[in-house]
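These notes are about the structure you will find just below.
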Amino acid sequence: METDPTIGTEDAQLLAAYRRGDAEALGQLVEKYKRPLFAFLSRFAANPGEADEWFQETWVRAIEHMNVFRQKNLLSWLFRIAHNLIIDQARRKKPDCSLDAPVAGGAFLADLIPAAALSPADEAAGRDLGRHVAAAAALLPVEQREVFWLRMDAGLPFKEIARIQRTSVNTALARMQYALAKLRAELAPAYRELQESRP
Amino acid sequence: MNPKQLEQLLLLEQSGELAPAQRRALAAELAASPDARRFRDQLRALAAAVPPPAAGPAPDAAARIAARLQRNRKSLLAFRPVWKPALAAAAALALLLGIQTFRPAPAPAPVVAAAVANADEEWTDPLDADFTELEELLYAIAADESFEISEL
């Protein structure tokens, strides 16, 4: 069987080997990309079990729709499928729910959630900026959260993130800026601590 | 440079996507502004504070993915030999039912048929006269070799 010329040689060879019936080849591909893909999915999943389920689903969709794959980078293709999956799940779980949604009393949803986002134990451990970042990021709208984690975890450039989200680089950049603005507001006390602790 | 522009350039710097002109502009801004440098430090602190991601999927993830793919393929293969004969059978059934239920359109009642015939006879199309004139003109043109088309 011929290898697919649109993707990296090694990945194409492994895919071709899998199509010939070599299950080990699929194992190698999964192993190669498991960290960034699982990390990304786990930022959106409710628990590790759900992240595991989404991880498998992403791979199954990727392999079954390999005929429409036109990129050179298999990981980008996986992220794109993961993006679709996350958007589907977000729509099912929280239709029309946004941090910017106004609620009674002229406040916004984002104003009400933070207290619930961190457990009392987390609040007590206020010095742990990392936990604050993760908790605050979990409250961002899904598109902004995607940009944030694709940048922070996966280290993807904005050009690639824009491709995954099927948008422009400027929009991806703007989403990151919105995300940072919200995180900055959420993390203001922790930020101050961080700044003060610096020599 | 306003804070939004500065942040954009700092983000592009972090992702390695700065154009040369942007790089020069950012360097100038950072050199001139302590606020810009402080802003950059904040951004770096945030990036450094991001907690590490989850370790990875279940150890048997690859085997489970392979099993799901195999299962999906089997169900597709199981479906494939069935759908074509099923479609053919459905088409044959539809044809048979169509033949059995077919009835020719009934002839119009005598009164209606007579009315239609009368209407055909009595009605004259006003355009008919125009077409007749045009026809005569065309004959005249054909007969007269000296007739110039521009005369039309």
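Lettering follows sequence order; numbering is per chain, from 1. Fair warning: this is a prediction, and the values are worked out from it, not measured in the lab.
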**Request:** Please lay out, stage by stage, how K4(B) and E7(B) fare under the test salt bridge (charged side-chain N to carboxylate O under 4.0 Å, His left out).
**Result:** CA-CA 5 Å; K4(B) 191 182 170 191; E7(B) 188 178 55; over 6 Å; no
**Message:** Counting heavy-atom pairs under 4.5 Å with chain B, which one of L41(A), V30(A), L29(A), V60(A) comes out on top?
**Reply:** V60(A)
**Request:** Under 4.5 Å, heavy atom to heavy atom: which of residues 56-66 of chain B reach chain A? Give them by number, or say none.
**Result:** G56(B), P57(B), A58(B), A61(B), A62(B), R64(B), I65(B), A66(B)
**Prompt:** By a 4.5 Å heavy-atom criterion (distance strictly below it), what part of Q8(B) contacts chain A: side chain, backbone, both, or neither?
**Reply:** both
**Message:** Apply side chain to side chain donor-acceptor pair (under 3.5 Å) to residues E17(B) and S15(B) and explain how you reach the verdict.
**Reply:** CA-CA 6 Å; E17(B) 295 173 278; S15(B) 66; 2.6 Å; yes
**Request:** Quick one: do E146(A) and R43(A) satisfy side chain to side chain contact (heavy atoms under 4.5 Å, CB included)? Show the steps, please.
**Result:** CA-CA 9 Å; E146(A) 273 192 339; R43(A) 297 294 190 189; over 6 Å; no
**Request:** Find the one option among Y18(A), F40(A), W149(A) whose heavy-atom pairs under 4.5 Å with chain B are most numerous.
**Result:** Y18(A)
**Cluster check V147(A), Y178(A): I/L/V/M/F/W/Y, side chain < 4.5 angstrom** = no
**Item:** Intermediate values then yes/no, side chain to side chain donor-acceptor pair (under 3.5 Å), Q14(B) and R151(A)
**Value:** CA-CA 9 Å; Q14(B) 282 185 350; R151(A) 219 12 248 129; 4.8 Å; no
**Contact class of L180(A) relative to chain B, heavy atoms under 4.5 angstrom** = side chain
**Message:** Is there a side chain to side chain contact (heavy atoms under 4.5 Å, CB included) between F158(A) and M176(A)? Walk through the geometry before answering.
**Reply:** CA-CA 9 Å; F158(A) 287 101; M176(A) 183 69 172; 3.7 Å; yes
**Message:** Please check if the number of heavy atoms outside R61(A) that lie under 6.0 Å from its CZ is greater than 12.
**Reply:** yes
**Prompt:** Within a radius of less than 6.0 Å around OH of Y33(A), do more than 12 heavy atoms belonging to other residues, nucleotides or ligands occur?
**Reply:** yes
**Message:** With a 4.5 angstrom heavy-atom cut-off, is it the side chain or the backbone of F148(A) that approaches chain B, or both, or neither?
**Reply:** side chain
**Complete:** Okay, Q28(A) and chain B: the region with an atom under 4.5 Å from a heavy atom over there is neither
**Item:** Residues R38(B), D35(B); criterion salt bridge (charged side-chain N to carboxylate O under 4.0 Å, His left out); working and verdict
**Value:** CA-CA 5 Å; R38(B) 199 163 32 248; D35(B) 283 346; 2.3 Å; yes
**Request:** Specify the closest pair of heavy atoms between L140(A) and Q144(A), including all atoms of both residues, with the distance to one decimal.
**Result:** CD2-OE1, 4.0 Å
**Asked** Just checking heavy atoms, which of residues 45-53 of chain A are less than 4.5 Å from chain B?
**Response** D52(A), E53(A)
**Prompt:** Quick one: side chain to side chain donor-acceptor pair (under 3.5 Å) partners of E143(A), sequence neighbours excluded?
**Reply:** none
**Request:** For chain B, find which of P157(A), A174(A), A181(A) contributes the most heavy-atom pairs closer than 4.5 angstrom.
**Result:** P157(A)
**Request:** Among the options G16(B), A54(B), A48(B), pick out the one with the most heavy-atom pairs lying under 4.5 Å from chain A.
**Result:** A54(B)
**Message:** Please check: side-chain N/O of S33(B) versus main-chain N/O of E29(B), any donor-acceptor pairing under 3.5 Å?
**Reply:** no
**Message:** Taking side chain to side chain donor-acceptor pair (under 3.5 Å) as the definition, give me every residue that meets it alongside E24(A), ordered by chain and number, with sequence neighbours left out.
**Reply:** none
